[in-house]
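Notes to accompany the following structure.
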There are 2 protein chains.
Amino acid sequence: MEKDLEGTAGILKLMGDKTRLSMLGLLIKHDCCVCEFVEIFNMSQPAISQHLRKLKDAGLVKENRKGQWIFYSLNQENVYYQLVQDVIKHIPDQGEKLISLEKQGLRISCN
Amino acid sequence: MEKDLEGTAGILKLMGDKTRLSMLGLLIKHDCCVCEFVEIFNMSQPAISQHLRKLKDAGLVKENRKGQWIFYSLNQENVYYQLVQDVIKHIPDQGEKLISLEKQGLRISCN
DNA sequence: TTATTATATAATGGTTTGGTTATATAACTG
DNA sequence: CAGTTATATAACCAAACCATTATATAATAA
């Protein structure tokens, strides 16, 4: 269960950004497509893409292309997956963010 | 148990530095004096002082002066204390660092 | 009081971070 | 094919980060 100190610090640093932390909180509920993140975080598409790349470089998420869309999911094989789970228990349910977008009638293109 | 997303991200960012993460890992075992940290981390005293200040500003640690020394301890009243505990479970026992210093015969002045 | 020791703060500087805009790539559509 | 849509990458920049050295403060010791 215990992991390398530096590796753990690296994961915590990644999670120490509210956008990425929220992304992980969403992904633990269900896979998400890039365009969903763009809507949810009201941030430029390249900004989202770069956050996702950091998560992917760390091996925390995987990508899965479906036609023109790319869906991201948590990589449960990552050695730090348990840490991620333990941390996410401490934040509010991020699934709400998608729901509230739907209620606003904001369409997300990938579904 | 769930806390504000931004607040949590802030704590994670603080813990996302290997020096501070290790400090917390030590403090969860026992209180430490500044000069102990200086020895352990082989880093300038101001650097240590500034890390401790960040932890203190976040309310994660408390200080307690004993004569010319200042001892730091974890602030168990902090709302994020449980998060800190949950995270520290994932790193190796940092108490070893003090023990290995003693074995090297490196004196720490505050005891 | 002066000197020493422990710690904090200030000033500085190189590196990293996290956003932006512009551009490239890949897949779909007509 | 050309045009559109989804995503990634590149270039850029301001702000934050983390260390250093220099200096200030507080307590102790002579």
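None of these values were measured; they are calculated from a predicted model.
- Following rounding to the nearest Å, F71(B) (CZ) and dA6(C) (C1') show an atom-to-atom distance of 11 Å.
- Taking atom CG on L14(A) and atom C1' on dG18(C), their separation rounds to 13 Å, with Å as the unit.
- Distance check, rounded to the nearest 0.5 Å: CZ of F37(A) to CE of M43(A) gives 11.5 Å.
- In this structure, CZ of R53(B) is placed 7 Å from P of dA10(C), rounded to the nearest angstrom.
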- Reading nucleotides 20-26 of chain C from 5' to 3' and marking B where a protein heavy atom lies under 4.0 Å of the base, S where only the sugar-phosphate is that close, and - otherwise, the string is BBB----
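- For the pair D17(B) CG and dT17(C) P, the computed distance is 11 Å after rounding to whole Å.
- Across all strands, K13(A) comes closer than 4.0 Å only to sugar-phosphate atoms, never to a base (heavy-atom distances).
- Each of G67(A) and G16(A) was matched to the nucleotide of DNA chain C holding its nearest heavy atom; the match closer to the 5' end belongs to G16(A).
- Rounded to the nearest 0.5 angstrom, R20(B) CZ and L55(B) CG are separated by 6.5 Å.
- The phosphate of dA19(D) (OP1 or OP2) has a side-chain N or O of H51(B) nearer than 4.0 angstrom.
- The distance between atom NZ of K54(B) and atom C1' of dT9(C), rounded to the nearest whole Å, is 14 Å.
- Distance check, rounded to the nearest 0.5 Å: CG of L98(B) to CG of L26(B) gives 5.5 Å.
- Taking the charged nitrogens against the carboxylate oxygens, D86(B) and K89(B) do have a contact shorter than 4.0 Å, which makes a salt bridge.
- Residue contacts for Y72(B): at a heavy-atom cut-off of 4.0 Å it reaches the sugar-phosphate backbone alone, with no base atom in range.
- Rounded to whole Å, atom P of dC18(D) lies 16 Å from atom CZ of F37(B).
- Looking at heavy-atom distances under 4.0 Å, K18(A) makes no contact with the nucleic acid at all.
- Within the 3.5 Å criterion, the main-chain N or O of A58(B) finds a donor-acceptor partner in the side chain of N78(B).
- Per the geometry, CZ belonging to F41(B) stands 15 Å off C1' belonging to dA19(D), to the nearest Å.
- If you take CG on L14(A) and NE2 on H51(A), they are separated by 10.5 Å, rounding to the nearest 0.5 Å.
- With rounding to the nearest 0.5 angstrom, the CZ atom of R53(B) is 10.5 Å from the CD atom of E63(B).
- The CG-P distance, from L52(A) to dG18(C), rounds to 13 Å in whole Å.
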